[in-house]
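See structure below.
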Amino acid sequence: MTKLPRYDEFEISDGVPAPSAFGAPTQDATLRDYVSIARLDHATKHIFIVPGAVLAFLLSKTHNAHFIRDIVLGLVTAVAIASANYVINEWLDREFDRHHPVKSARSAVQKRFNETMIFVEWALLIAIGIGCAAAANGTMLTVATVFALQGVIYNVNPIRTKDVAYLDVISESINNPLRLLIGWAMIDSTTLPPGSIMLAYWFGGAYLMAAKRYSEYLEIVAEHGRDLLVRYRASFKDYSEISLNVSCLVYGLLANFFLAIFLIKYRIEYVLVMPFVIALFAQYLILSMKKGSAAQSPEKLFEERSLIMTVFYLVTAFVAASFIHVPQLAIFTSQQLIQLH
């Protein structure tokens with residue numbers, strides 16, 4: 001068996017210190033540390049809720065009588081349950097994160113936490129999320145319950161899907177359609193969005209997660225070797241640079257396939273949005289290949305100006321296509337051959 005090198009034998013970039021010599025942390029966690037592992041700064045990811053609410057307004061014929069209340073409760077639900085999932089994520093990953101060049105600086109690695117307090121914090125956040133969802137409507141409650149259960153399945157043994165190649169991406173990315181459903185349930189709790197857009201959201205999330213792993217693979221293997229990467233995350237033992245690259249392609253194709261079905265089915269003018277969607281996927285893949293890529297920290301994507309500008313153009317095109325009628329595009333919805341004579 002190949003002897004894995006100690007973490008402190010590696011040169012750490014960006015001034016991040018090595019964890020305290022693989023030994024037990026000597027400093028107790030503070031209240032601020034318990035708050036930090038809930039990753040409230042990752043709340044920007046809940047932007048994926050917005051399209052669900054917008055689509056419900058555009059497509060649904062029935063709206064909740066108290067949708068303003070449900071929007072507020074839905075946002076609290078999403079933030080609370082996501083934070084609960086982050087709490088057990090950081091706690092259960094602390095021994096693995098020691099081997100990551102950046103995550104080794106996390107407080108869960110560097111400081112001593114009380115396991116009972118971790119459980120209380122997780123349970124309290126779950127209770128807040130489930131309670132707000134129940135106060136909103138039954139659909140929100142069901143989605144919130146699945147959201148909370150996903151965090152357990154992804155992080156906790158004996159299942160812990162994050163350690164299984166490909167299943168890690170598929171199980172983590174289900175958070176995307178769950179956020180879409182939360183947004184939809186804010187506006188309409190009597191129906192669900194079309195299956196095509198939910199699948200597009202799911203595979204779109206898988207594309208983002210695969211690109212994140214691809215970025216980690218490229219950077220950590222280049223600087224510290226593959227052994228350290230596998231020590232950080234077990235699923236990487238069954239990944240390679242090629243397989244991760246190809247998985248990005250597959251997830252991206254599936255996401256755009258189902259998205260195209262949705263756009264053509266509900267309004268043919270929406271096909272005008274597809275060039276911007278494709279450009280967005282291409283930009284993200286390019287971004288994942290850069291050193292220190294924001295693809296490894298999605299909460300920092302708002303700092304990527306070119307990516308944000310593409311999103312802006314995409315949203316503008318979507319709004320325009322919602323009101324502009326282009327009769328010539330009807331050709332794509334009918335069965336006909338191109339006549340030569």
Do any N or O atoms from the side chain of Q283 and from the backbone of T310 form a donor-acceptor pair under 3.5 angstrom? no

Can we say D93 and R233 salt-bridge, meaning some charged N sits less than 4.0 Å from an Asp/Glu carboxylate O? yes

Keeping Q27 on the side-chain end and K111 on the backbone end, is there a donor-acceptor pair under 3.5 Å? no

What's the separation between atom CD1 in I182 and atom CG in L73, rounded to the nearest 0.5 Å? 12.0 Å

If you group Ile, Leu, Val, Met, Phe, Trp and Tyr by side-chain heavy-atom gaps below 4.5 Å, do L180 and V315 land in one group? yes

State, to 0.1 Å, how close A56 and H63 come at their nearest heavy-atom pair, and which atoms those are. O-NE2, 3.5 Å

Check whether any side-chain N or O of Q110 sits under 3.5 Å from a backbone N or O of S104 as a donor-acceptor pair, and report yes or no. yes

Interatomic distance, CG@L208 vs OH@Y284, rounded to 0.5 Å, equals 5.0 Å

Distance-only donor-acceptor hits, side chain of residues 258-267, under 3.5 Å, sequence neighbours excluded:
from, atom 1, to, atom 2, distance (Å)
R267, NE, A321, O, 2.5
R267, NH2, A321, O, 3.3
R267, NH2, I324, O, 3.0

Identify the two heavy atoms, one from T77 and one from G129, that lie closest to each other, and give their separation to 0.1 Å. OG1-O, 3.3 Å

Starting at CD1 of I308, measure out to CG of L314 and round the result to the nearest 0.5 Å. 11.5 Å

Please tell me if the side chains of E269 and F323 come closer than 4.5 Å, counting only heavy atoms from C-beta onward. no

What heavy-atom pair brings S60 and T191 nearest, and what distance separates the two atoms? OG-OG1, 4.3 Å

I'd like to know whether E216 forms a side-chain contact (heavy atoms from CB on, under 4.5 Å) with H100, so could you lay out the CA-CA distance, the side-chain angles of the two residues, the decisive distance to 0.1 Å, and finally the verdict. CA-CA 10 Å; E216 286 182 320; H100 191 281; 3.6 Å; yes

Determine whether I220 and P101 make a side-chain contact, defined as any pair of heavy atoms from C-beta on separated by less than 4.5 Å. yes

Candidate pair R94 and R106, rule side-chain contact (heavy atoms from CB on, under 4.5 Å), full reasoning: CA-CA 8 Å; R94 65 194 185 283; R106 285 178 171 175; over 6 Å; no

Going from CZ on F281 to OH on Y251, what distance comes out if it is rounded to the nearest 0.5 angstrom? 13.0 Å

Residues L285, L249; criterion side-chain contact (heavy atoms from CB on, under 4.5 Å); working and verdict: CA-CA 9 Å; L285 186 58; L249 173 65; over 6 Å; no

Cluster question for you: counting only ILVMFWY and a side-chain heavy-atom cut-off of under 4.5 Å, with indirect links fine, are L55 and I47 together? yes

Table please: side-chain donor-acceptor pairs of residues 192-206 below 3.5 Å, with sequence neighbours left out.
from, atom 1, to, atom 2, distance (Å)
Y201, OH, F48, O, 2.8
W202, NE1, I170, O, 3.0
W202, NE1, S173, OG, 3.3

Note: S243 and S240 closest approach over all heavy atoms is OG-N, 2.8 Å

Are L59 and W184 close enough that some pair of their side-chain heavy atoms sits under 4.5 Å apart? yes

Using modelled atom types and a 3.5 Å cut-off, is there a donor and acceptor pairing between side-chain atoms of Y86 and backbone atoms of H42? no

Shortest non-hydrogen contact between S36 and S107, atoms and distance: OG-OG, 3.4 Å

If you round to the nearest 0.5 Å, how far is NZ of K162 from CG of N155? 4.5 Å

Mind checking whether L149 and L181 sit in one hydrophobic cluster, side chains of I, L, V, M, F, W, Y counted as touching below 4.5 Å? no

Enter the distance from Y34:OH to F113:CZ here, rounded to the nearest 0.5 Å. 6.0 Å

When the ring planes of Y217 and F236 are compared, do they come out parallel, tilted or perpendicular, using 30° and 60° as the limits? tilted

Are the charged groups of E90 and R39 less than 4.0 angstrom apart, N to O? yes

Flag side-chain contact, heavy atom, 4.5 Å: H224 against L229: no

Apply the test side-chain contact (heavy atoms from CB on, under 4.5 Å) to residues Y154 and N89: give CA-CA distance (whole Å), side-chain angles for both, the deciding distance (0.1 Å), then the verdict. CA-CA 9 Å; Y154 183 68; N89 179 295; 4.2 Å; yes

Which word best sums up how the rings of F119 and W122 line up, parallel for under 30°, tilted for 30 to 60°, or perpendicular for over 60°? tilted

Do V319 and L58 sit in the same hydrophobic cluster, where Ile, Leu, Val, Met, Phe, Trp and Tyr count as joined when their side-chain heavy atoms come under 4.5 Å apart? yes

Please check if any side-chain donor atom of S288 sits under 3.5 Å from a side-chain acceptor atom of S215, or the reverse. no

Whether D163 and R160 form a salt bridge (side-chain N of Lys/Arg under 4.0 Å from carboxylate O of Asp/Glu) is what I want to check. yes

V79 and L75, any side-chain heavy atoms less than 4.5 Å apart: no

So do L125 and I81 actually touch side chain to side chain, heavy atoms under 4.5 Å? no

Taking N137 for its side chain and A185 for its backbone only, find out whether a donor-acceptor pair lies under 3.5 Å. yes

Donor-acceptor pair between N245 and Y214 side chains, under 3.5 angstrom: yes

Below 4.5 Å, heavy atoms only, C-beta onward: do D168 and M209 meet side chain to side chain? no

Going hydrophobic residue to hydrophobic residue with side-chain gaps under 4.5 angstrom, can you get from I130 over to V120? no

So does R213 pair up with E172, basic N to acidic O under 4.0 Å? yes

Distance-only check: which donor-acceptor pairs under 3.5 Å involve side-chain atoms of residues 140-148, not counting sequence neighbours?
from, atom 1, to, atom 2, distance (Å)
T142, OG1, G138, O, 3.2
T145, OG1, L141, O, 2.8

Can you name the nearest heavy-atom pair linking S83 to A38, along with the distance? OG-O, 3.1 Å

Can a side-chain donor-acceptor contact be found between N64 and R69 if the only test is distance below 3.5 angstrom? no

Quick one: does V35's side chain get under 4.5 Å of R32's, heavy atoms only? no

Main-chain N/O of M117 paired to N114 side chain as donor or acceptor, under 3.5 Å: yes

Could you check whether any side-chain N or O of D238 sits under 3.5 Å from a backbone N or O of V164, counting only pairs where one atom can act as donor and the other as acceptor? no

